[in-house]
Enquirer: 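The structure under discussion is supplied below as C-alpha cells; questions concerning it will follow.
All values derive from a computational prediction rather than experimental measurement.
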Amino acid sequence: IVADGKTIYGDLTQLGGTVVAGNGMVITGDYHQAQGAVLDAPDCSLTIKGGASFKGDIYLGKGDIIVAGSLDIHDITLHVDVIGKNGSPVTIKGSLDGLGKNIVNLATWKDGTYHIATAETQIVCGIDIHDAMLGGQALSKRQDVKFEIKTAQNAASGFDELWLTMSSGASMEVVWGGTTNANKWNTQDTNTNWVDGADSTYFVNTDSVVFDGTAQEQNVAVDAGGVQVSGMVVSGGSHEFTCGDIIGTTDINGNNITATGKLNVTGGDTTFKNSVDFVAGVEISGGSVTVYDDGGNNRGSLNEMAVKNEGDLIFDVAANVNHSHGGAISGTGNVFKESAGTLILTAQNTGMGLFTQNDGTVELTYGWGGDYTQNKGTLTTAGTNVTMGGNGTNSVFKGIINPNGAGNIGTLVIDGSVEFDNTRYIVSLQGTSTSDLVDIKDSNFDITGLRTLDIGLWSEGDYKILVSASDITGLNTN
C-alpha cells in the first residue's frame, strides 16, 4: 500500500507486505503490524491517533512517528538516522513497552548521545533494546551503543525518554604484536602495534591486553602518561616493560569484554622497570616476574598489590636503593632477592615457597612462612617479633642476621630446621638486661656456624641474646 500523505480512517492491521507512508500520513485509529511486515516512512511524518503495536521493520530515516495512545514493540528493527536530527523520532502520548529482541539499525555513525523516543505516560523499565547495527551490519569491536531510559524526573521534557550513546572507543581484547623499532605502547590510533585476530589495531585505555611472546619486539616502552587496562595476561616470551605506569582497572567502555582488573602471568619471563598497579592484584601461575629498581629511570614497582605466587617472583634492587613492597605475598612459588639494595616487605605474608636472598638487605615486618636461604647479605626486621619458617621448613643463614635493624630491641623466631653457616649476628643491647633475641626452635641446632657476634651498642650487664630448643653446643667464645 502506498499512502502518500493520505489519511486512513479507522484501524489499520498490516498482516504482511509493505506500507509506504508519505509525508503527513494519518491513521485515525489503531495500527497493528504483524511479524515480517514493513512500515516504510523515510524522512516523513506519520501520525497514529490510536495505539500501535509493531512487530516488523520500521524505516524512519530522519522521519517521525507520533502515537496518540500507547506503543508496544516486539522483535522490531527500527531503521533510523539520528545524526543531525532535532528532537525524538518517536513520540508516544501513552506508554512504551516491549518484548523480544528489538534492534536499532543506525544509518550513519557519529560519537555522541541521541534522543530516540519520548513516552508521556511512561517507558516500562523492562523494555529490551537488544542490540544495535550500523547500515544493516554488526558493529565493529571498537563501536558500542548504550541505551538509557531517562525518567520524567531527570528528563528535560518532563516525560520518560529513551536515549542512545554511540562510542567508537569500546574496550576489547588485543594482543601485543610489536615489531622491531615499533615498541611503543600508547593510545594513538596510528600506532597499530596490536592484533585483533588477523587484523592490526591500536590500543584504547581500558582494553584487555595479552602478551603471548609471538611479537618480534618484546621490549615495551609504555607511554609516559601511563596506560589503563581492564586486565593483562602474559603467557610467554621474554618481555621488559619500561617508562610509564600500567594501571589495572575494572572500568571498561562498552560491553564487549569482561574486566578482571588483574595481572595474570602464566608463562614466560617478565621484567617490570616501571610502576604496575592492578586493582585486583597479581597472580603468577607460571613463569617469572622480575621487579627491577635502580633508583633512577628504572623504578619497577608492584606498589601495594597482593601477589599470589606459584611461579618465580624476583626483586632486583640496586645498591643504595630502598625498595618497599606493601602487598601480601601468598602461594607456594619462589621469591628471590637480587643485587645489593634493600627490599622492605611490610605486609603479613602467607607465602610458603622458598625465599632465596642472594645479596643486599631484606627487611621483614612480619616474617616468612616457607624455607629461607640466605646466601649473602643481611636479614633484618622492622617488627618487634618476627617469625621465620615453620614446621617442616628449612632456614639457612650464610650472611648477617640483625633483629630489629631499626635500632630498637626485637626478637627473631626461627622455626623448623635451622643452619648457621659462617653467620654474623648483630645484637643491640639496652639497659643492663634487655637485648635483641634470636629464638631457635630447632631441636637439632648446632651453633658452630655462628662465626661472629657483633654488639652494636655496648652496655655492661647480663643479656639473653639466643635461646634454643636444644642444648647449645659448638660455641666458640672467640
Enquirer: Indicate whether any N or O donor in one side chain lies under 3.5 Å from an N or O acceptor in the other, for Asn334 and Asp312.
Expert: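 Asn334 vs Asp312: donor-acceptor pair found between side chains.
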Enquirer: Do we see a donor-acceptor contact under 3.5 Å between the side chains of Ser339 and Asp316?
Expert: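 Yes.
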Enquirer: Just grab all the ring-ring contact (aromatic ring centres under 6.0 Å, His included) pairs involving residues 220-249, residues at least two apart or on different chains.
Expert: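 Of all non-adjacent pairs touching residues 220-249, those that pass ring-ring contact (aromatic ring centres under 6.0 Å, His included) are Phe211-His239, Phe211-Phe241, Phe241-Phe272.
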Enquirer: Which residue pairs pass the ring-ring contact (aromatic ring centres under 6.0 Å, His included) test with at least one member in residues 71-94, sequence neighbours excluded?
Expert: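 Qualifying pairs: Tyr59-His79.
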Enquirer: What pair of heavy atoms forms the shortest contact from Asp207 to Tyr202, and how long is it?
Expert: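 Closest approach of Asp207 to Tyr202, heavy atoms only: OD2-O, 4.0 Å.
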Enquirer: Asn205 side chain to Gln228 main-chain N or O, any donor-acceptor pair under 3.5 Å?
Expert: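 It does hold such a pair.
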Enquirer: Holding to ring pair (Phe, Tyr, Trp, His ring centres under 6.0 Å), I want the full list of residues that pass it with Phe355, two or more places apart in sequence or in another chain.
Expert: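 In terms of ring pair (Phe, Tyr, Trp, His ring centres under 6.0 Å), with neighbours along the sequence ignored, Phe355 is linked to Trp368, Tyr372.
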Enquirer: Return yes if a side-chain donor-acceptor contact under 3.5 Å exists between Asp111 and Trp109, otherwise no.
Expert: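 Yes - a donor-acceptor pair under 3.5 Å links their side chains.
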Enquirer: Go through the side-chain N and O atoms of Asn303 and Ser275 and say whether any donor and acceptor fall under 3.5 Å apart.
Expert: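 Judged by distance alone, the side chains do pair up.
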Enquirer: Rounded at 0.5 Å granularity, tell me how far OG1 in Thr118 sits from CD in Glu161.
Expert: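 Result: 4.5 Å between the selected atoms.
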Enquirer: Checking side-chain polar atoms at under 3.5 Å, does Thr113 have a donor or acceptor matched by the opposite partner on Thr165?
Expert: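 Present: a donor and an acceptor within the cut-off.
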Enquirer: Between Asn274 (side chain only) and Gly244 (backbone N and O only), is there a donor and an acceptor less than 3.5 Å apart?
Expert: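 Such a contact is found between Asn274 side chain and Gly244 backbone.
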Enquirer: State, to 0.1 Å, how close Asn191 and Trp185 come at their nearest heavy-atom pair, and which atoms those are.
Expert: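 Heavy-atom minimum between the residues: ND2-N, 4.4 Å.
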Enquirer: Which atoms form the tightest heavy-atom contact between Leu12 and Ile27, and what is the distance?
Expert: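 For Leu12 and Ile27, the tightest heavy-atom pair comes out as CD2-CD1, 3.9 Å.
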Enquirer: Do Gln14 side-chain atoms and Val38 backbone N/O form a donor-acceptor pair below 3.5 Å?
Expert: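 Side chain of Gln14 to backbone of Val38: a pair is present.
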Enquirer: Can you name the closest pair of heavy atoms from Ala68 and Lys49 and give their distance?
Expert: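 Minimum heavy-atom contact is CB-O, 3.2 Å.
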Enquirer: With rounding to the nearest 0.5 angstrom, report the CG to CG distance, Leu106 to Leu164.
Expert: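 Here the rounded value is 6.0 Å.
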Enquirer: Are the side chain of Asn349 and the backbone of Ile329 linked by a donor-acceptor contact shorter than 3.5 Å?
Expert: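 Side chain of Asn349 to backbone of Ile329, a donor-acceptor pair under 3.5 Å: yes, one is there.
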Enquirer: Using a strict threshold of under 4.0 Å (side-chain N to carboxylate O), is an ion pair present between Asp75 and Lys101?
Expert: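 No salt bridge links Lys101 with Asp75.
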Enquirer: To the nearest 0.5 Å, how far apart are CG in Leu134 and CD in Gln143?
Expert: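 Here the interatomic distance stands at 5.5 Å.
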Enquirer: Go through the steps for Asp415 and Asn391 under the test side chain to side chain contact (heavy atoms under 4.5 Å, CB included), then give the verdict.
Expert: CA-CA 7 Å; Asp415 203 352; Asn391 185 32; 5.6 Å; no
Enquirer: Can you tell me how far the OG1 atom of Thr365 sits from the CG atom of Leu345, to the nearest 0.5 Å?
Expert: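 Between atom OG1 of Thr365 and atom CG of Leu345 there are 8.0 Å.
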Enquirer: We want to know whether Ser95 and Asp97 form a side-chain donor-acceptor pair, criterion being a heavy-atom distance below 3.5 angstrom.
Expert: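 Side chains of Ser95 and Asp97: no pair found under 3.5 Å.
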